[in-house]
Amino acid sequence: MTIELLATLNPEQRQAVTSEATRVLVLAGAGSGKTRVLVHRVGWLVEQHLATPYNILAVTFTNKAAGEMRGRIEELLQQPTRQMWVGTFHGLAHRLRRAHWQDANLPEHFQILDSEDQLRAIKRILKNMQLDDARWPPKSVRNFINSRKEAGHRARHVDPQNDPFLAKMAAIYLEYEQYCQRSGLVDFAELLLRSLELWRDKPEVTAHYRQRFKHILADEFQDTNALQYAWLQLLAGDSSHLFIVGDDDQSIYGWRGARIENMQEFVDAGTEGKLVRLEQNYRSTNTILGAANALIEHNQERLGKNLWSAGERGDPIQLYRAFNEIDEARYVIDQAQAWIDKGRPPGELAILYRSNAQSRLFEETLVARGIPYRVYGGQRFFERAEIKDALGYLRLLANPADDSAFERVVNHPPRGIGSRTLEILRDAARHRDLSLHDTALALTATADLSGRARNALTTFLTLLEELKERSAGATLEEKIEQVLRASRLIEHFAAERSDKAEARVENLQELVSAARGFDEQADDEFDPLSQFLANAALEAGDNQAEAGEDCLQMMTLHSAKGLEFDQVFMVGVEEGLFPHQRSLEEQGRLEEERRLCYVGITRARKHLNICHAESRRLYGETFFPQPSRFISEIPENYIEEVRLGGQDQQPLFAPKTRFAAGIPQRGRYRNGQSIRHKKFGEGTILAIEGEGDKARIQVNFKNVGKKWLIAGFANLEPSA
DNA sequence: TGCGAAGAGGTTTTT
DNA sequence: CCTCTTCGCA
């Protein structure tokens, strides 16, 4: 079996799998068989008796990846691996917090706040603090809190430095922290932070897990944030093996805290010599790989690697310059139709775009032609409003102090508890430092409320009380059925006369099915209800593409990561859209956009198509975008321009001046152009508004930063 | 409490 | 331009 195990690997893969170093970094290019390496690494460890499954912890980013990994390991080892810990950072952190809840000053039945719950809580707190949410946008507050947590800082650690803005943010953070503590709520970042604090503050606990997990494997390392990196380092200590797999060129989540620097740091911290590059690609043609290599070569900050394939050169990349976005959609769908007509599997064709809004036109065109398709990235099952309503009742059953759940369901469906009553309730809760639930209990016993409000509130509390009594000893499925019956949620949605009503009712029934049999398969460490709720928060349901549905695939470039298709269309490849304007305006974001493009290109197995439009309607305005710089970063010999027969199109490239001909420009200047200004020096044009001498031009100067200039006065000179 | 008008905002997403 | 949220009114 050993021979077999290694025989299917190439030399680099084998080197990684059998490495004896305590720190190994596998730089795994797209399509280079990284999951294979991870799976075989585990197989090797077990087979060579270097470790038992009990000694292994493998961490990934998505539940899907975790499930896949476990499945493939079991397949390889031909034995169950229940002893092995495989999961997401959050899943594992949650498991640890559950096991050690007493150490953390947490209620046993603490709940997980998802991002939406978190935002609602923040809005509530802003109201309480009487802060205008136009000046304190809840989403910015959430970003602030999450980024602080990711840096390992609690509210009390925020140093306001005489900055009133920071001071206020810190105050909001503190309120939020207290709110969560009081209600037994933990958000995603908190889960990681608490887990890290466990390693830090409980050496005996840490020692136990270090002793146990002699081998720690991490996938998609380029996506780790600072907390996750620290978590891995602390858990590993000096003695455990860290086997890390990632690709810095595919790091596309910097904006949500992922630190591509973690890879560099890991190398600097002594991985030298144990860095293994997987550069042989088993997915794409050499044309596609050549284009990807050339493109990513333009990035400065990378460890560096070059993909190659033993396979064929393949077809050139098809470049289509559309007249406008409608023409773009028409062209792509024509090609898709031709693909299908040739009998190729529709599911092997993907349309990839930078932003979700772009899908609309393609959808309309597909609907008009009656071609089935699937768009990824909608709401997931456990995120749907009706599901979260039902879960709200369950959360209150598990933990009545859960104010977040109380707020959600107290008057939903409507039962006559209006905003005035709630105002009184919240006020009283704050003064008594009690949960909303307990405050409600107290208030209904006094005369502080009008008769009507008191009645309504009493009805609600009785409902909860009865649910609790009746559901004791019931299975989870029965509990949910009771919740639905008692709350009358189904009747409420059924009476709604929107087109969504029917789907909502179905979803609620689906929730009951999801709970069916859950009690038996739940492990006995925790009660099934808590497990179900945690599951709902940590595993909100499918969103990523799945095999099986054989129709056209449409998704953002981000959600395409990890997938592959025979035929790929990258659309809207234009300056301002891809790279996105917002990324152009911020220092250092361009390289991530380029990595995103690299991800897009390397999704294609056989055929890659790139489209851009000369004119595009966006936000009710017509833009004339330049073709993306990414197109010109791909060597011309890989590209074939599409000329539709019979149409009089100008050639896109006259040699050298590739995009100069036939593309509308705003006067002498265009976005992305390098210019020189007498006073400000060298810079790049970010945006142009208006035309001629009166045009306002935004320039990002190397030395003085961003400035708006008037074309007629600025006297900008083109520079190299 | 529910509806329609008016307004804001519009990159990417997992846990 | 389109979609989602909020606000004011009946």
- Measure from CD on A:Gln379 to P on C:dT3 and round the result to the nearest Å. 16 Å
- Query: Just checking A:Gly418: base, sugar-phosphate only, or nothing, at a heavy-atom cut-off of under 4.0 Å?
  - Reply: nothing
- Correct closest heavy-atom pair for A:Leu584 and A:Gly576 would be CD1-N, 4.1 Å
- Task: Using the P atom on both, measure B:dT12 against C:dT5 and round to a whole Å.
- Result: 15 Å
- Message: Could you tell me if the side chain of A:Leu217 sits less than 4.5 Å from the side chain of A:Met69, heavy atoms only?
- Response: no
- Looking only at side-chain N and O atoms, does A:Ser559 come under 4.0 Å of OP1 or OP2 in B:dT13? yes
- Pick the nucleotide of DNA chain B nearest each of A:Pro414 and A:Asp114; which residue has the one closer to the 5' end? A:Pro414
- Message: Can you tell me if A:His580 is stacked onto the base of B:dT11, using a 5.5 Å centroid cut-off and an angle below 30°?
- Response: yes
- Query: Parallel, tilted or perpendicular: which describes the rings of A:Tyr209 and A:Trp85, with under 30° parallel and over 60° perpendicular?
  - Reply: tilted
- note: A:Tyr253, atom OH; B:dT13, atom C1'; distance rounded to Å ~ 5 Å
- Query: Roughly how many Å is it from CG in A:Leu96 to P in B:dT15, rounded to a whole number?
  - Reply: 18 Å
- Query: Does the ring of A:Trp255 lie flat against the base of B:dT12, closer than 5.5 Å centre to centre with planes under 30°?
  - Reply: yes
- Query: Contact class for A:Arg617 (heavy atom, under 4.0 Å): base, sugar-phosphate, or nothing?
  - Reply: sugar-phosphate
- Query: Is A:Glu197 atom CD crowded by more than 12 heavy atoms from other residues, nucleotides or ligands, each under 6.0 Å away?
  - Reply: yes
- Take A:Leu596 and A:Leu538, find for each the nucleotide of DNA chain B with the closest heavy atom, and name the residue whose nucleotide sits nearer the 5' end. A:Leu596
- Answer yes or no: does a side-chain N or O of A:Asn411 lie under 4.0 Å from OP1 or OP2 of B:dT1? yes
- Between A:Arg616 and A:Glu574, is there a salt bridge with N-O shorter than 4.0 Å? yes
- Mind checking whether A:Phe406 and A:Asp402 have side chains closer than 4.5 Å, heavy atoms only? no
- Query: How about A:Ile601 and A:Phe630: do any of their side-chain heavy atoms sit closer than 4.5 Å?
  - Reply: no
- Message: With a 4.0 Å limit, can you tell me whether A:Asn356 has a side-chain N or O closer than that to the phosphate oxygens OP1/OP2 of B:dT11?
- Response: no
- Atom pair distance, as rounded to whole Å: CZ in A:Arg360 and P in C:dC2: 5 Å
- Query: Out of B:dT13, B:dT11, B:dT15, which nucleotide sits closest to the side chain of A:Ser355?
  - Reply: B:dT11
- Item | Distance below 4.0 Å between A:Ser115 side-chain N/O and B:dT15 OP1 or OP2 | no
- Here the distance between atom P of C:dC4 and atom OH of A:Tyr619, to the nearest Å, is 15 Å
- The side chain of A:Arg380 lies closest to which of these nucleotides: B:dT13, B:dT11, B:dT15? B:dT15
- Message: Using atom P in both nucleotides, what's the gap between C:dC4 and B:dT11 to the nearest angstrom?
- Response: 14 Å
- Query: What nucleic acid atoms does A:Glu220 come within less than 4.0 Å of, heavy atoms only: base, sugar-phosphate, or nothing?
  - Reply: nothing
- Message: Would you say A:Asn63 places a side-chain N or O within less than 4.0 Å of OP1 or OP2 belonging to B:dT14?
- Response: no
- Nearest to side-chain heavy atoms of A:His558, which nucleotide of B:dG10, B:dT15, B:dT12: B:dT12
- Task: Mind calculating the distance between CG (A:Leu191) and C1' (B:dT14) to the nearest angstrom?
- Result: 13 Å
- Item | Nearest-Å distance for atom pair CZ/C1', residues A:Arg589 and B:dT11 | 8 Å
- Task: Determine if the base of B:dT11 is syn or anti; take syn to mean the glycosidic torsion is within 90° of 0.
- Result: syn
- Item | B:dT13 to C:dC2 separation - C1' atoms, rounded to the nearest Å | 22 Å
- May I have the distance from A:Leu361 (atom CG) to C:dT3 (atom P), rounded to whole angstrom? 13 Å
